[in-house]
Amino acid sequence: MRIPSDFLLGAATAAYQIEGAAHQDGRTSSIWDTFSHTPGRTWNGDTGEVAADHYHRLEADLDLMASLGLEAYRFSISWPRVQPGGSGALNDLGVAFYSRLVDGLLARGIRPIATLYHWDLPQELEDAGGWPERDTAERFGEYAARIVEVLGDRVAMWTTLNEPWCSAFLGYGSGSHAPGRTNGASALAAMHHLNLAHGIAVPEIRRAARNAPQVSATLNFHVARARDENAEDAVRRIDALANRSFTGPILNGDYPDDLILDTAGVTDWQFVRSGDLEKISAPIDLLGVNYYSTVTVSEWDGRSPRTGNDGHKGAGGSPWPGSEHVEFHPQPGPQTDMGWNIAPDALEELLLRLHAEHPEQPLLVTENGAAFRDEVVDGRVRDSERERYIEEHLAATLRAREAGADVRGYMVWSLLDNFEWGYGYAKRFGIVHVDYDSQVRTVKDSGRRFASWIQSRELAG
Ligand code: IFM
């Protein structure tokens with residue numbers, strides 16, 4: 001299978017998951033610092049305090065990216081590193097780190113793709129109410145403008161938010177992500193203010209950048225399957241809460257009617273104000289698509305024991321406000337170390353669905369990858385399952401493109417093993433292994449394969 005020459009191949013990471021240096025050079029705490037330092041919140045009490053120590057190993061990691069031949073590197077900017085406390089002037093030392101990163105990428109011919117928010121809200125903004133408060137969206141717009149003013153001469157691809165579903169519904173609904181709150185109404189208000197933050201930031205980015213920027217938002221799509229013939233409504237509900245809650249306002253300028261009805265018992269939606277939807281639906285150049293696996297759902301019969309296994313770590317609350325009666329079933333087929341099923345066809349289907357619903361919207365696969373239990377043996381990591389996973393999903397992406405979806409590239413998650421949020425360091429997603437004691441990096445077999453595809457622009461499978 002040919003990989004078109006204009007199809008971008010790269011790898012992705014996020015600040016809190018790899019950087020470490022959590023309290024260095026003026027960085028203040030984010031909600032993930034607070035959350036991960038709270039006993040019982042993460043596996044083994046793990047935190048991002050050191051992570052993959054990328055902050056101190058920047059040059060070597062840049063060389064590593066170049067050695068893999070990456071065409072693009074998708075990273076996130078830590079808000080509390082560049083704007084401590086989430087308001088006011090930028091922190092020169094924090095900005096200098098990203099400036100060096102961007103310069104280092106460009107010097108190596110790697111295109112930088114910067115995400116402004118990958119979950120690390122400054123703790124002070126959470127103390128002021130967090131995403132359920134409208135003002136957080138305003139603060140985000142200000143931060144976006146300031147950071148694009150200093151990096152927007154060299155970065156041309158900007159993503160406002162990564163996976164706002166997780167920020168809203170895992171952060172404020174289930175409580176399994178920072179800040180760990182469990183209130184359905186707050187989760188829905190957070191959802192809207194994240195959408196609004198995106199909408200406020202888009203024109204700020206266009207204004208502050210000095211190079212015709214490509215602006216995007218990245219969503220994590222839930223591809224829901226019906227367990228039986230009575231499960232269509234359950235599929236519709238999950239699709240509304242997980243997917244259309246973001247594509248609706250961002251791409252269509254409206255929240256779906258069924259979502260508003262499904263959640264009417266949870267919130268009165270007064271958080272949506274006149275003018276918000278116009279802002280949120282400002283045109284974007286790319287829609288970022290994160291995809292890992294599918295979910296199988298049905299209506300709960302009210303009697304049988306519930307699995308509650310929706311693929312997200314439980315923490316007491318519900319990430320599905322108003323649809324708590326939807327039951328999630330164990331996924332058939334092979335699974336990754338996350339317990340997520342492997343279903344590459346669903347990625348093709350998702351990309352084609354997005355293309356059918358939004359034919360003019362260019363797409364970019366901004367995350368796809370898999371955790372497996374890796375071991376370094378004689379200096380090598382033989383991760384054939386990950387190799388297969390990436391190959392099958394990249395092939396599915398290319399098939400969708402051949403069938404007409406305007407997919408511009410594929411970013412593997414992740415460049416490095418890293419802090420997998422509530423799962424701490426127990427799960428390894430990297431195409432490069434990280435020994436957390438020595439911080440030694442070992443390119444896994446999957447990393448070598450990925451590099452060979454970039455070089456040959458040919459997929460064997
Ligand atoms: O590690 C995360 C990433 O931060 C967001 N998308 C999913 C990945 C795997 O869980």
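Read the numbers this way: they start at 1 and go in the same order the structure lists the ligands and their atoms. Numbers for residues simply follow the sequence, beginning at 1.
Not counting sequence neighbours, Arg227 has no partner by the salt bridge (charged side-chain N to carboxylate O under 4.0 Å, His left out) test. A search for salt bridge (charged side-chain N to carboxylate O under 4.0 Å, His left out) contacts involving Glu357 returns Arg353, not counting sequence neighbours.
Aromatic ring centres of Tyr425 and Tyr436: separated by under 6.0 Å.
Below 3.5 Å of separation, one finds an N or O of Trp421 facing an N or O of ligand 1. For Asn162, no nitrogen or oxygen atom sits less than 3.5 Å from a nitrogen or oxygen atom of ligand 1, counting backbone and side chain alike. On a distance-only criterion, Asn418 and ligand 1 share no N/O pair closer than 3.5 Å. Between Trp413 and ligand 1, a contact under 3.5 Å exists for at least one N or O pair.
Within the 4.0 Å heavy-atom shell around ligand 1 one finds Trp119. Using a non-hydrogen distance threshold of 4.0 Å, Lys427 does not register as a contact of ligand 1.
Residue-level proximity to ligand 1 for Trp340 is carried by the side chain, the only part with a heavy atom below 4.0 angstrom.
Residue contact check: Phe429 has heavy atoms under 4.0 Å from atoms 9 (C), 10 (O) of ligand 1.
Just one residue in the list Val102, Leu68, Ile110, Leu62 forms a side-chain contact (heavy atoms from CB on, under 4.5 Å) with Tyr73, and that residue is Ile110. If you run salt bridge (charged side-chain N to carboxylate O under 4.0 Å, His left out) between Asp374 and each of Lys427, Arg382, Lys444, Arg380, only Lys444 comes through.
Classification of Glu138 and Arg134 as a salt-bridged pair fails, no side-chain N sitting under 4.0 Å from a carboxylate O.
Of all protein heavy atoms, the one closest to atom 8 (C) of ligand 1 is Tyr292 OH, 3.4 Å. Looking only at heavy atoms of the protein, atom 10 (O) of ligand 1 is closest to Glu420 OE2, 2.5 Å. Here the heavy atom of the protein found nearest to atom 7 (C) of ligand 1 is Glu367 OE1, 3.3 Å.
Annotation for Trp32 and Ala178: closest pair CZ2-N, 3.4 Å, computed over non-hydrogen atoms.
Residue Arg111 qualifies as open at atom CZ: its count of foreign heavy atoms under 6.0 Å is 12 or below.
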